[in-house]
Amino acid sequence: MPLEETTTRVTVRASRERPRARRWGRAAISAFVTLVALVTMTAGATASGTPEEPSEGPARFAPGFTHGKVAVDGGTIHYVRGGSGPAIVLLHGWPETWLMWRDVMPELAREHTVIAIDLPGLGASSIPTGGYDKVTTSRRIRQAVNQLGFTQVEILGHDLGVLIAYPYARDFPNEVTRLAMIESPLPGFGLEELYGLSWHFRFNSSPAPIPERIMDNGDVSTYLGMMFNFSHRPDAIDRERYYKAYADPARRTAGYEYYRAFAADAENNKANAGSRLAMPVLGIGGQYSFGPGVASSFQQVGDDVRTAVAPDSGHFVPEENPRFTIDCAKLFFGAQSGTPSQPELAGCAP
């Protein structure tokens, strides 16, 4: 859910229990201006070289990982699994797939069982006929995780994955021990304040078949390319792989359906905000994007929320700065307390 336009002020709206909104801060606003410039100035470079991946069987991007599928309500979910130890579930954003985690998975697998999932309808997961609200989606993800043998997990989510991780942790608090949320506020607690900053929010959430008829196959690289150019390091994103992943109109519709459910997600989040998150939550924002705004959103629904700002990053933090993502995740999800090696990692310490 990247942004492409800016205003002079962005606020994160407080819950009913909190009367005033939290301001994002001047640094975040300046970041938006920088990103707008990148949209118009950056060429469409790509990070190629990633081998084509199967939907089942041994992975090619790194040894020790395997592709598989598991049946859930509404279809099947594709996952990539590797490593051993406590399970960490990786949930990608739009317009990407599990592949966005490829550079961080091998090192996380040294201490964890890493499970990167394609969200229902996207990547190599099947396309459900409905249920794109985040509560239903989180329960489908939970079904997949349970069938893989895990009833307690940690979750690392980006963008759309953040919105799904929240009800998973809220509704099953004994099954989620830690959350690290990258680059999205929650519906009902700040996301709506961003709608005026980028037309893609309204476009994607328009009733069917408006975006379906406007967006042809030939438009995919132009539209998604605009999203990927809204980054600090657009060359780090393997965009051609994502263009291919969204070449199927049915996959694009699945993406729109996630956006069409945002209003219902906001109502559900606000109605259940009293069930505050007790587990540690880390809100990570890119230096040139949301900054501390992610943590500000989660502070309205959680009791133990930490803040980290990923340096040298825009919206696509795991691809723009995988080293920071790895180091931060290893600290936050680590089995033992660690000492941050750099000041920007201080918020990641357990």
**Message:** Please check: side-chain N/O of Thr325 versus main-chain N/O of Asn321, any donor-acceptor pairing under 3.5 Å?
**Reply:** yes
**Request:** Taking atom types as modelled, find out whether Gln287 and His232 have a side-chain donor-acceptor pair closer than 3.5 angstrom.
**Result:** no
**Request:** Please round to the nearest 0.5 Å and tell me the distance separating atom NE2 of His200 and atom CE of Met227.
**Result:** 5.0 Å
**Request:** List in chain and number order the residues that pass ring-ring contact (aromatic ring centres under 6.0 Å, His included) with Tyr258, two or more places apart in sequence or in another chain; answer none if no residue qualifies.
**Result:** Tyr132
**Asked** What distance separates Ile326 CD1 from Glu107 CD, expressed to the nearest 0.5 Å?
**Response** 4.0 Å
**Request:** Please tell me if the side chains of Gln299 and Phe189 come closer than 4.5 Å, counting only heavy atoms from C-beta onward.
**Result:** no
**Request:** Please examine the side chains of Glu111 and Ile88, heavy atoms only from C-beta on, and report whether any two atoms are closer than 4.5 Å.
**Result:** no
**Request:** May I have the step-by-step check of ring pair (Phe, Tyr, Trp, His ring centres under 6.0 Å) for Phe203 and Tyr223, ending in yes or no?
**Result:** CA-CA 11 Å; Phe203 178 79; Tyr223 182 38; 5.6 Å; yes
**Prompt:** Can you check whether Leu277 reaches Leu179 side chain to side chain, under 4.5 Å on heavy atoms?
**Reply:** yes
**Message:** Between Asn272 and Ser275, is the side chain to side chain donor-acceptor pair (under 3.5 Å) condition met? List the steps.
**Reply:** CA-CA 6 Å; Asn272 292 281; Ser275 299; 5.2 Å; no
**Item:** Ala144 versus Val70, closest heavy-atom pair with distance
**Value:** CB-CG1, 3.5 Å
**Asked** Do Thr136 side-chain atoms and Asp133 backbone N/O form a donor-acceptor pair below 3.5 Å?
**Response** no
**Asked** Hey, mind stepping through Lys244 and Glu52 against side chain to side chain contact (heavy atoms under 4.5 Å, CB included) and telling me if it holds?
**Response** CA-CA 11 Å; Lys244 184 176 180 180; Glu52 290 293 328; 3.6 Å; yes
**Message:** Walk me through whether Asp73 and Arg139 qualify under salt bridge (charged side-chain N to carboxylate O under 4.0 Å, His left out).
**Reply:** CA-CA 9 Å; Asp73 291 344; Arg139 295 187 178 189; over 6 Å; no
**side chain to side chain contact (heavy atoms under 4.5 Å, CB included) between Thr253 and Glu257, worked out** = CA-CA 6 Å; Thr253 289; Glu257 292 293 345; 4.2 Å; yes
**Under 3.5 Å: donor-acceptor pair, side chain of Asp216, backbone of Gly218** = no
**Asked** Under 4.5 Å between side-chain heavy atoms, hopping through other hydrophobics if needed: is there a path connecting Leu119 to Val80?
**Response** yes
**Note, Glu175 side chain near Asn146 side chain (heavy atom, < 4.5 Å)** = yes
**Request:** Kindly indicate, with the supporting measurements, whether the criterion side chain to side chain contact (heavy atoms under 4.5 Å, CB included) is fulfilled by Ser55 and Asp118.
**Result:** CA-CA 10 Å; Ser55 60; Asp118 273 334; over 6 Å; no
**Item:** Between NE2 on residue His112 and CE on residue Met105, distance to nearest 0.5 Å
**Value:** 13.5 Å
**Fill in**
What one should report as the nearest heavy-atom pair of Gly225 and Tyr243 is CA-OH, 3.2 Å
**Asked** Are Ile141 and Ile77 side-chain neighbours, meaning at least one heavy-atom pair lies under 4.5 Å?
**Response** yes
**Request:** Could you go through the salt bridge (charged side-chain N to carboxylate O under 4.0 Å, His left out) check for Arg102 and Glu319 one step at a time?
**Result:** CA-CA 8 Å; Arg102 65 193 179 280; Glu319 290 173 286; 3.0 Å; yes
**Asked** Under a single-linkage definition using a 4.5 Å side-chain heavy-atom cutoff for Ile, Leu, Val, Met, Phe, Trp and Tyr, are Val135 and Ile164 assigned to the same hydrophobic cluster?
**Response** no
**Asked** If you draw the axis of the six-membered ring of Phe332, does the NZ or CZ of Arg306 fall within 45° of it and under 6.0 Å from the ring centre?
**Response** no
**Request:** Return the set of residues passing ring-ring contact (aromatic ring centres under 6.0 Å, His included) with Phe65 (not counting sequence neighbours), or none when no residue passes.
**Result:** Phe61
**Message:** Measuring from atom CG of Asp159 to atom CG of Leu91, what distance do you get when rounded to the nearest 0.5 angstrom?
**Reply:** 11.5 Å
**Request:** With the side chain counted from C-beta on, respond yes when Arg170 and Asn269 share a heavy-atom pair under 4.5 Å apart, and no when they do not.
**Result:** yes
**Asked** Same cluster or not: are Val309 and Phe324 linked, directly or through other Ile, Leu, Val, Met, Phe, Trp or Tyr residues, by side-chain heavy atoms under 4.5 angstrom apart?
**Response** no
**Message:** I need the minimum non-hydrogen distance between Val153 and Tyr168, along with the two atoms involved.
**Reply:** CG2-OH, 3.9 Å
**Request:** Begin with the C-alpha distance, continue with both residues' side-chain angles, and end with the deciding distance and a verdict on side chain to side chain contact (heavy atoms under 4.5 Å, CB included) for Met279 and Thr177.
**Result:** CA-CA 6 Å; Met279 73 286 293; Thr177 58; 5.8 Å; no
**Message:** Just by distance, no angles: are the side chains of Glu183 and His315 close enough, under 3.5 Å, to form a donor-acceptor pair?
**Reply:** yes
**Item:** Where Pro207 and Arg260 come nearest, the two heavy atoms and their spacing
**Value:** C-NH2, 3.7 Å
**Asked** If you take all heavy atoms of Pro318 and His158, which pair is closest and at what distance?
**Response** CD-CD2, 4.1 Å
**Request:** Search all heavy atoms of Leu331 against all heavy atoms of Pro350 and return the closest pair with its distance.
**Result:** O-CD, 3.1 Å
**Message:** With a 4.5 Å cut-off on side-chain heavy atoms, are Lys134 and Asn268 touching?
**Reply:** no
**Prompt:** Are Val281 and Tyr166 connected in a single hydrophobic cluster, I mean Ile/Leu/Val/Met/Phe/Trp/Tyr linked by side-chain heavy atoms less than 4.5 Å apart?
**Reply:** yes
**Rounded distance (nearest 0.5 Å) linking atom CH2 of Trp199 with atom OG of Ser206** = 9.5 Å
**Asked** Do Tyr259 and Tyr256 make the cut of ring centroids closer than 6.0 angstrom?
**Response** no
**Message:** A side-chain contact here means heavy atoms from C-beta on lying under 4.5 Å apart; do Trp101 and Leu156 qualify?
**Reply:** yes
